[in-house]
Number of protein chains: 2
Amino acid sequence: MIRRIPSARERGIPDATVARLPVYLRALNGLAERGTATVSSEDLALAAGVNSAKLRKDLSHLGSYGTRGVGYDVQYLIYQISRELGLTQDWAVAIVGVGNLGRALANYGGFVSRGFRVAGLLDADPGVVGDRIAGLVVEHIDGLESVILNRGVSIVVIATPAAAAQQVADRVIAAGVTSILNFAPVVLTVPDGVDVRKVDLSIELQILAFHEQRKVTGGAMLPEDWAGEVG
Amino acid sequence: MIRRIPSARERGIPDATVARLPVYLRALNGLAERGTATVSSEDLALAAGVNSAKLRKDLSHLGSYGTRGVGYDVQYLIYQISRELGLTQDWAVAIVGVGNLGRALANYGGFVSRGFRVAGLLDADPGVVGDRIAGLVVEHIDGLESVILNRGVSIVVIATPAAAAQQVADRVIAAGVTSILNFAPVVLTVPDGVDVRKVDLSIELQILAFHEQRKVTGGAMLPEDWAGEVG
DNA sequence: GTCCCCTTGTGAACGGATGCACAAAGTGGG
DNA sequence: CCCACTTTGTGCATCCGTTCACAAGGGGAC
């Protein structure tokens with residue numbers, strides 16, 4: 001009886017690794033542009049800003065794509081990571097909420113260049129509907145479901161005000177979408193099987209402020225803090 | 001000899017906890033707006049989208065601010081978390097790069113409402129310099145150092161194209177800035193003691209695409225993937 | 001073919017984060 | 001005052017991710 005050894009792919013790739021693959025991909029693209037043919041884990045790790053052992057372990061989850069004594073073939077590795085991330089196919093994305101942020105996202109070149117195609121811009125404000133942004137005409141939110149179904153949208157970006165985000169999420173999920181990128185400052189409640197990633201601009205600043213404050217006080221406590229320590 | 005017991009604050013708060021504090025803060029503000037006076041860890045955890053035990057452990061790092069049998073006083077907890085994060089003071093922020101994203105950030109209300117004041121907008125493009133955005137006039141990048149020094153800027157947001165980001169980082173670090181929020185799709189190289197947080201819009205989409213792809217294939221391998229497995 | 005050098009891939013130790021389960025502690029009713 | 005009830009704060013076991021260190025494997029010189 002032949003028993004296949006479970007491959008890394010079947011056992012699943014750790015989330016932490018998946019989160020770093022796009023970083024490696026970017027570093028590899030930079031190397032490719034400069035004409036580099038092969039790269040060692042040490043050099044690639046440096047370019048990606050990580051530890052080389054971590055890089056090797058991450059890549060080992062995809063398969064054994066390196067050559068001992070030599071390194072990794074840049075083009076081949078780009079292809080393998082792209083395939084693993086699903087970037088070899090075309091993803092149709094709809095952006096809901098065309099305020100300042102929505103506009104910025106629609107114009108962001110980094111999407112298109114990685115297989116993400118903006119297939120629709122939607123907003124509830126009649127003053128915005130009809131505007132032409134990045135080659136697309138903004139449509140009314142009423143058409144959300146039909147845009148998703150007719151254009152094969154599988155990922156929705158929510159860039160609405162906080163108050164509208166949950167309602168939009170409910171609608172797109174009902175229409176079959178299971179991947180949401182949420183920029184609205186609110187915790188979305190979604191059923192199992194739906195992936196939500198959240199980008200919160202002010203949270204990042206708050207985390208920076210915490211560390212900055214620590215630096216200013218030299219990592220120790222401020223005298224005023226002592227008051228509350230005992231009681 | 002009096003030996004003080006090291007407080008949680010001195011031993012340092014885990015990074016994972018710090019990253020969640022802003023989320024709790026947002027949930028608490030929501031509760032406060034609806035007039036809630038006290039909240040249990042269970043309810044707050046639900047609103048923040050985390051496990052209640054995790055929430056309690058996180059808060060225990062700040063001190064013992066709850067009342068057993070009752071819960072947490074919403075206003076008091078808001079104050080304590082704000083103080084811990086350093087939000088009770090005013091942070092001057094400069095935004096470098098006033099493209100689509102820079103404009104969106106300048107107009108983003110979530111900054112101002114949390115003690116972050118945009119103290120300067122800078123860009124290298126003469127066509128943009130002089131524009132009025134969110135009540136501020138865009139200044140030329142040449143004045144970067146003087147803006148930082150004269151206006152007490154301690155956090156810099158980089159929203160420039162990738163090619164310019166490292167140079168901007170070098171300059172602001174030389175001017176004494178030690179906290180950077182980087183939106184440019186590039187890994188910044190900075191000396192020890194400088195904090196960089198990175199927000200990468202396309203990386204988030206790529207992570208979603210990975211999971212979306214997995215769903216479509218039912219978590220198993222595609223037949224075409226088998227080809228590469230053996231060789 | 002053989003030897004040496006280089007780099008990958010991974011076993012193993014370590015450290016930090018998570019979640020359970022419960023003792024400690026405070027509230028309110030009688 | 002005492003008891004029953006509620007909820008916090010935390011010890012502990014477990015899991016996941018990181019890092020070290022090295023064996024395994026491939027390339028090139030001679």
Side-chain angles (χ1 to χ4, degrees), chain A residues 5-9 11-21 23-24 27-28 31 36-74 76-77 80-81 84 207 228-229 231, chain B residues 5-9 11-21 23-24 27-28 31 36-74 76-77 80-81 84 207 211 228-231:
Chain A
I5 297 163
S7 73
R9 298 206 59 206
R11 282 187 281 103
I13 299 175
D15 286 346
T17 295
V18 173
R20 283 188 292 267
L21 290 180
V23 180
Y24 302 155
L28 285 164
L31 290 169
T36 309
T38 62
V39 66
S40 69
S41 64
E42 199 68 47
D43 291 348
L44 182 54
L46 190 69
V50 302
N51 179 297
S52 70
K54 193 192 291 187
L55 171 68
R56 287 198 299 276
K57 185 149 286 187
D58 282 344
L59 294 182
S60 76
H61 286 118
L62 311 190
S64 196
Y65 296 143
T67 305
R68 294 172 193 231
V70 178
Y72 300 90
D73 182 282
V74 172
Y76 186 58
L77 198 51
Q80 289 299 344
I81 294 179
E84 194 65 49
I207 295 171
E229 282 297 305
Chain B
I5 297 162
S7 73
R9 296 206 59 204
R11 282 186 280 104
I13 300 176
D15 286 346
T17 294
V18 173
R20 282 188 293 266
L21 290 180
V23 179
Y24 302 155
L28 285 165
L31 291 168
T36 309
T38 62
V39 66
S40 69
S41 64
E42 199 68 45
D43 291 349
L44 182 54
L46 190 69
V50 302
N51 177 297
S52 69
K54 194 193 290 186
L55 170 67
R56 288 197 298 276
K57 188 154 289 186
D58 282 343
L59 294 182
S60 75
H61 286 117
L62 311 190
S64 196
Y65 295 143
T67 306
R68 293 172 193 231
V70 177
Y72 299 91
D73 182 282
V74 173
Y76 186 58
L77 197 52
Q80 290 298 345
I81 295 179
E84 194 66 48
I207 296 171
H211 292 294
E229 283 296 305
V230 184

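Predicted model only: the values in this text are computed from it and were never measured. Chain letters run A, B, ... following the sequence lines, proteins first, then strands; residues in each count from 1.
Applying the side-chain contact (heavy atoms from CB on, under 4.5 Å) test between L77(B) and each of I81(B), D73(B), V74(B) identifies I81(B) as the sole match.
Taking atom NE2 of H61(A) as the reference point, atom P of dT8(C) lies 17 Å away to the nearest angstrom. Between the CG atom of L77(B) and the C1' atom of dT7(D) there is a distance of 15 Å, rounded to whole Å. In this structure, E42(B) atom CD and dG19(C) atom P are separated by 13 Å, rounded to whole Å. Whole-Å rounding puts the L46(B) CG to dT7(D) P distance at 14 Å. At whole-Å resolution of the value, CG in L44(B) and P in dT7(D) are 14 Å apart. When the P atom of dG26(D) is taken as reference, atom CG of D73(A) falls 16 Å away, rounded to whole Å.
Residue side chain R68(B) does not reach the base of dT7(D) through any donor-acceptor N/O pair under 3.5 Å, judged by distance alone.
In this structure the side chain of K54(A) reaches within 4.5 angstrom of the side chain of D58(A), judged on heavy atoms. With a 4.5 Å cut-off on side-chain heavy atoms, T38(B) and T67(B) do not count as touching. The shortest side-chain heavy-atom distance between Y24(A) and L55(A) falls under the 4.5 Å cut-off. H61(B) places a side-chain heavy atom less than 4.5 Å from the side chain of K57(B).
Distances shown here put a side-chain N or O of S41(B) below 4.0 Å from the OP1 or OP2 atom of dT8(D). In terms of phosphate contacts, S40(A) brings no side-chain nitrogen or oxygen within less than 4.0 Å of OP1 or OP2 of dT7(C). Phosphate contact (OP1/OP2 of dG9(C), side-chain N/O of Y72(A), threshold under 4.0 Å): present.
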Nucleotide N/O to protein N/O under 3.5 Å, stretch nucleotides 17-21 of chain D:
from, atom 1, to, atom 2, distance (Å)
dT18(D), OP1, R20(A), NH1, 2.8
dT18(D), OP2, R20(A), NH1, 3.4
dT18(D), OP2, R20(A), NH2, 2.8
dT19(D), O4, K57(A), NZ, 3.0
dA21(D), N6, R56(A), NH2, 3.4

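Atom OG1 in T17(B) sits 8.0 Å away from atom CG in L62(B) (nearest 0.5 Å). Taken to the nearest 0.5 Å, the CG atom of D43(B) stands 8.0 Å off from the CG atom of L31(B).
The residue S64(B) sits close only to the backbone: its heavy atoms come under 4.0 Å of sugar-phosphate atoms, none of a base.
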